[in-house]
Amino acid sequence: MAASTNQLENLVLRQSVLGSRRLSNYLVAGAVSIGGIGFFLAGLSSYLNMDLLPIGDATNLIFIPQGVAMGFYGVAALLLSLYLWLTIYWDIGGGYNEFNQETAMVRVVRSGFPGKNREVEFSCRTEDVQSIRVDIKEGLNPRRVLYVRTKDRREVPLTRVGQPISLSELENQGAELARFLGVPLSQMLKQTITWDRW
């Protein structure tokens, strides 16, 4: 029984992909929420002429134009924080990559916004996979992405969006995947112009 389970595990490679539920997103959403509440309460304090903030005194603000501006920025920040919290709750971009030798299928599944297309899925046969491509761009805005390239020239990203993963982890994932599928691993390296060349 253990041998057959091990063989089944060797036939399926499943990689989970982290979506919006990252620590950095929690920190940004929290900071925007606190700032939005502060600005909104400052604008409301200047309108009601009573101090609603635990720190500072917002009653000295003149409602027009200072209180209106503070209230506007507070409402805008609260709406932005609502959007950020909802993307975290829905785990936008999260999902998995599944490479199944038993069914000869490749599935890339990601979560989107609620609606009829909540789950975005790409699937193809393993024989249609031409190669695994590693795309590395260094510079101020680095990009490190792993793609599966099909024979009809489509390229589907396999790594998470946002913060780039380390080079060693990216190369290990790419090599493991290329070995599992029996396809070549290609690399595309883009160098950006650095200021020390000027």
Side-chain angles (χ1 to χ4, degrees), residues 14-98 107-123 134-148 154-170 173-174 190 192 194-195:
R14 187 178 174 120
Q15 303 168 332
S16 61
V17 176
L18 185 65
S20 298
R21 294 182 182 165
R22 294 192 303 258
L23 177 64
S24 60
N25 287 350
Y26 281 105
L27 294 175
V28 169
V32 171
S33 299
I34 291 169
I37 291 169
F39 274 84
F40 181 73
L41 288 179
L44 197 60
S45 295
S46 71
Y47 177 72
L48 299 174
N49 212 11
M50 61 188 306
D51 194 17
L52 299 174
L53 286 171
I55 299 171
D57 184 18
T59 56
N60 295 335
L61 294 175
I62 302 167
F63 181 66
I64 296 178
Q66 295 169 333
V68 172
M70 296 285 267
F72 173 75
Y73 291 142
V75 169
L78 288 174
L79 289 174
L80 177 62
S81 70
L82 176 66
Y83 169 77
L84 292 172
W85 286 115
L86 285 175
T87 57
I88 291 170
Y89 175 73
W90 290 323
D91 195 22
I92 304 299
Y96 62 91
N97 307 323
E98 183 179 272
R107 291 182 67 214
V108 178
V109 179
R110 299 290 184 272
S111 297
F113 287 99
K116 65 179 184 175
N117 295 328
R118 167 84 168 112
E119 193 173 85
V120 180
E121 180 179 344
F122 167 81
S123 61
V134 178
D135 186 12
I136 301 170
K137 178 187 164 206
E138 299 296 337
L140 292 175
N141 189 17
R143 182 179 67 223
R144 298 176 187 139
V145 185
L146 195 62
Y147 292 96
V148 61
R154 287 186 291 175
E155 291 186 345
V156 180
L158 300 175
T159 51
R160 66 181 181 231
V161 177
Q163 61 194 63
I165 60 177
S166 68
L167 285 173
S168 61
E169 186 180 348
L170 182 73
Q173 281 183 7
K190 294 181 183 175
T192 56
T194 56
W195 292 106

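Throughout, residue positions are numbered sequentially from 1 according to the sequence presented. Please read these numbers as outputs of a predicted model, since none were measured by experiment. The analysis underlying the following values was restricted to heavy atoms, covering all of them including side chains, and did not include hydrogens, waters or symmetry mates.
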Decide whether Tyr96 and Arg107 meet the rule of one side-chain donor and one side-chain acceptor closer than 3.5 Å.
-> yes

Between Leu146, Leu18, Thr159, which is the residue that forms a side chain to side chain contact (heavy atoms under 4.5 Å, CB included) with Ile165?
-> Thr159

Check for a donor-acceptor pair, side chain of Ser81 on one end and backbone N or O of Val32 on the other, with a separation under 3.5 Å.
-> no

Kindly compute the distance separating OG (Ser33) from CH2 (Trp85), expressed to the nearest 0.5 Å.
-> 6.0 Å

In Å and rounded to the nearest 0.5 Å, what is the CD1 to OH distance from Ile88 to Tyr26?
-> 5.5 Å

Relative to the ring of Trp90, is the ring of Phe113 parallel (under 30°), tilted (30 to 60°) or perpendicular (over 60°)?
-> perpendicular

Find the distance between CG (Leu61) and OH (Tyr47) and round it off to the nearest 0.5 Å.
-> 15.5 Å

From Arg110, Arg14, Gln173, residue fulfilling side-chain hydrogen bond (donor to acceptor under 3.5 Å, both in side chains) relative to Asn97 | Arg110

Separation between CD (Gln15) and CD (Glu98), nearest 0.5 Å, reads 11.0 Å

If you round to the nearest 0.5 Å, how far is CD of Glu119 from OG of Ser111?
-> 6.5 Å

Salt bridge present between Asp135 and Arg143 (N-O < 4.0 angstrom) | yes

Applying side-chain contact (heavy atoms from CB on, under 4.5 Å), run through Val68 and Phe63 and close with a yes or a no.
-> CA-CA 6 Å; Val68 172; Phe63 181 66; 3.7 Å; yes

